[in-house]
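Predicted model only: the values in this text are computed from it and were never measured.
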Amino acid sequence: MPKILTIGLHPSAIDFTKYPHIDEQTLTERITQGEAALQAAGLDTVSCLVGADPDEAEKAVRETLSGDSFGVVMIGAGVRMAPEHTILFERLINVLVTMAPGIRFCFNTSPETTIDAIRRWT
């Protein structure tokens, strides 16, 4: 089973005025529960929560990649689906392709669907 990198926006980086049905604390709890489910399933995962600044996010992902070899990366919906994060998403894809040739990509729609996304590619 390959080592899995999960990348998502840190809840503190999200503008919750666009998402009135959720708040930072609730999202943090959902992420924590999702990570616990991954561990309980016996998946070898490393979480990398990033901010919205593309330079800082790229630096964080580069640091995480430099210490390990990953076969799969799951990039969260918060990075991919919000138009204001298009440049962030683009930068992360390019750094992943450069630093981890052959890595498989998977995508969730919420913290609760992360395990399903990963299982499609492991």
*Asks:* Flag the pair V72 / F105 as yes when at least one side-chain heavy-atom distance between them is below 4.5 Å, and no otherwise.
*Replies:* no
*Asks:* Nearest 0.5 Å, what's the CH2-CE distance between W121 and M74?
*Replies:* 15.0 Å
*Asks:* Taking atom CE of M99 as the centre, does the number of heavy atoms from other residues, nucleotides or ligands within less than 6.0 Å exceed 12?
*Replies:* yes
*Asks:* Below 4.5 Å, heavy atoms only, C-beta onward: do I7 and L92 meet side chain to side chain?
*Replies:* yes
*Asks:* Are any non-hydrogen side-chain atoms of R104 and V73 less than 4.5 angstrom apart?
*Replies:* no
*Asks:* Would you call D68 and F70 a side-chain contact if the rule is heavy atoms closer than 4.5 Å?
*Replies:* yes
*Asks:* Is M81 reachable from I93 through a run of hydrophobic residues whose side-chain heavy atoms are each under 4.5 Å from the next?
*Replies:* no
*Asks:* Any heavy-atom pair between the side chains of T64 and L5 that's under 4.5 Å?
*Replies:* yes
*Asks:* Does atom CD1 of I22 have more than 12 heavy-atom neighbours from other groups under 6.0 Å away?
*Replies:* yes
*Asks:* When you compare the side chain of P111 with that of L27, does any pair of heavy atoms fall below 4.5 Å?
*Replies:* yes
*Asks:* Closer than 3.5 angstrom, by distance alone: can the side chain of R120 be matched with the main-chain N or O of F107 as a donor-acceptor pair?
*Replies:* yes
*Asks:* Is it the case that the side chains of T113 and D116 hold a donor-acceptor pair, with the cut-off being a distance below 3.5 Å and no angle test?
*Replies:* no
*Asks:* Side chains of S12 and E24: any donor to acceptor distance under 3.5 Å?
*Replies:* no
*Asks:* Indicate, with yes or no, if V61 and V97 share a hydrophobic cluster defined by side-chain heavy-atom contacts under 4.5 Å among Ile, Leu, Val, Met, Phe, Trp and Tyr.
*Replies:* yes
*Asks:* Are more than 12 heavy atoms, taken from residues, nucleotides or ligands other than Q25, located less than 6.0 Å from that residue's CD atom?
*Replies:* no
*Asks:* Are R30 and E35 ion-paired here, with the side-chain N under 4.0 Å from a carboxylate O?
*Replies:* no
*Asks:* Could you check if a side-chain atom of T45 sits within less than 4.5 angstrom of a side-chain atom of T114, using non-hydrogen atoms only?
*Replies:* no
*Asks:* Side-chain contact, heavy-atom cut-off 4.5 Å: N108 with I115?
*Replies:* no
*Asks:* My understanding is that only one of D55, D53, T86 makes a side-chain hydrogen bond (donor to acceptor under 3.5 Å, both in side chains) with R91; could you say which?
*Replies:* D55
